[in-house]
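Working notes, structure below.
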Amino acid sequence: MKSILVRYGELTLKGNNRSVFITKLVQNIKFKLKHLKEFVEYKKDNNSLTIEVKEEKLEEVLKILTRIFGIYSVSIVDIVEKNEQKILDKTLEIAQALKEHTFKVEVERKDKSFDANSMDLKIKIASNILRNTNHLKVDVHNPENKINVVIKSDGVYIFTSRISAAKGLPVGVSGKGLSMLSGGIDSPVASYLTMKRGMQVDFLHFMTPPHTTPEALDKVFQLAKRLERYNQSSFSLYVCDFSMILRELMHIKEESYRITLMRRIFMRIGNEISNIIGAKAIITGESLGQVASQTIESINVINRTSQLPILRPVITFDKEEIIKISKEIETYEISILPFDDVCSLYVPRNPVTKPKVFVAEEQEKDLMLEEMIQYAIDNSVTRYVYRDGDLVEKEWLHKEN
Ligand code: ATP
Ligand code: MG
């Protein structure tokens, strides 16, 4: 068995919420490691969690843990009894295996009842290493290796490295949001960043068959599934067939407003679905000024149709910055597959860059908006439910109520 020490990071700052957050985090960790149940054991105390793992699953567990929001860093640790000789033996064993030449010993005494002064113990450990090895020397300022010794109530934890993890807050502590997922590069990144602040994310995608292909839809499925690493283990993807509404939008007077009106309807449908599923925010991948529908005027005209807050995590990001994250979270390769989502086929020749609220409202009067939206909710939304990475159910949304 190997032991992994899991550190909570930012959670330590959050006074009252702390125990709620930790409970949620531990629950999320257990869900993500559910398929490895037979290989892991948990030991929890107030400040950290230790996971015992069978050696053959160590790499896999580390990879999963470093992607779970709320975990700050992890270390592979050796745990020995609170006995000075045991500490000296283990630290020497670790030192003997080090390749580089300089080291420093750090001792932290969390269990104050342990009968040794940190400074004394540090000196004893270092001199024991120097006496019994001939390839190492001490460098307190810029060591190539740090040998950390943490004395806790249940034992002495010894480790040489900290593996940085996802940080952020445990998914679920900020409630649930509905992310408009297009199949492009930006919206998966926006979804990921929202999860980072503790929001569980369900997805909503608009498709317009036959103009959008099954491959385009498949991309969205792949994206939602790829994001599952960071998300709650169970989530839903809502797919709305928007073709009928889009056909209506072909007849509006101001062709240049077609995308604006489309976005306003997306938003209204998103709000309706959010109310049904208990989502507290809508998330989009909009970035200021990136395209005509993302000018501040457009954002204003779109905002008017939402009762819920709209979170736009990448609003200030350059495309390059968004791409960098999408590569890190491995959504990029899926996003750049060449299949078009709803927008591209119906883009007017000159989309309006500074739409006006009254012009949008004026044109909506010619549409049977409420009926259209209600009809779409009742008949055109399919809900795909994922549990622990697998698609487990497919149903029409309205059957839920
Ligand atoms: P993305 O890369 O996320 O597609 P984009 O730069 O292509 O973004 P737009 O196509 O203007 O931008 O879309 C802006 C936002 O509107 C998207 O980030 C997404 O949140 C939402 N959106 C666009 N198309 C769809 C769709 N077919 N289904 C669901 N949401 C969509
Ligand atoms: Mg797009």
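- Here the side chains of Lys394 and Val385 are not in contact, with every heavy-atom distance at 4.5 Å or above.
- Residues that satisfy the ring-ring contact (aromatic ring centres under 6.0 Å, His included) test with Tyr332, not counting sequence neighbours, are absent from this structure.
- Partners of Asp366 under the side chain to side chain contact (heavy atoms under 4.5 Å, CB included) rule, at least two apart in sequence or in another chain, are Lys253.
- Listed by chain and residue number, Lys110 satisfy the salt bridge (Lys or Arg N to Asp or Glu O under 4.0 Å) test with Glu108 (two or more places apart in sequence, or in another chain).
- Partners of Lys90 by side-chain hydrogen bond (donor to acceptor under 3.5 Å, both in side chains), not counting sequence neighbours, listed by chain and number: Glu93.
- Annotation: side chain to side chain contact (heavy atoms under 4.5 Å, CB included) contacts of Ser234 (sequence neighbours excluded): Arg387.
- The ring-ring contact (aromatic ring centres under 6.0 Å, His included) test applied to Tyr384 returns Phe221, not counting sequence neighbours.
- Pairs engaging residues 287-303 under the salt bridge (charged side-chain N to carboxylate O under 4.0 Å, His left out) rule: none recorded [sequence neighbours left out].
- Among residues two or more places apart in sequence or in another chain, the side chain to side chain contact (heavy atoms under 4.5 Å, CB included) test is passed with Val291 by Ser293, Gln294.
- Evaluation of the side chain to side chain contact (heavy atoms under 4.5 Å, CB included) rule for Ser127 yields Ile123, Arg131 as partners, not counting sequence neighbours.
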Anything under 3.5 Å between a donor and an acceptor, one on a side chain of residues 350-361, the other on a protein residue two or more places apart or in another chain? List them.
none

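- Screening residues 273-290 for side-chain hydrogen bond (donor to acceptor under 3.5 Å, both in side chains) gives Asp186-Gln290, Thr284-Glu286, Glu286-Arg312 as the qualifying pairs, with residues at least two apart or on separate chains.
- The ring-ring contact (aromatic ring centres under 6.0 Å, His included) test applied to Phe103 returns no partner, not counting sequence neighbours.
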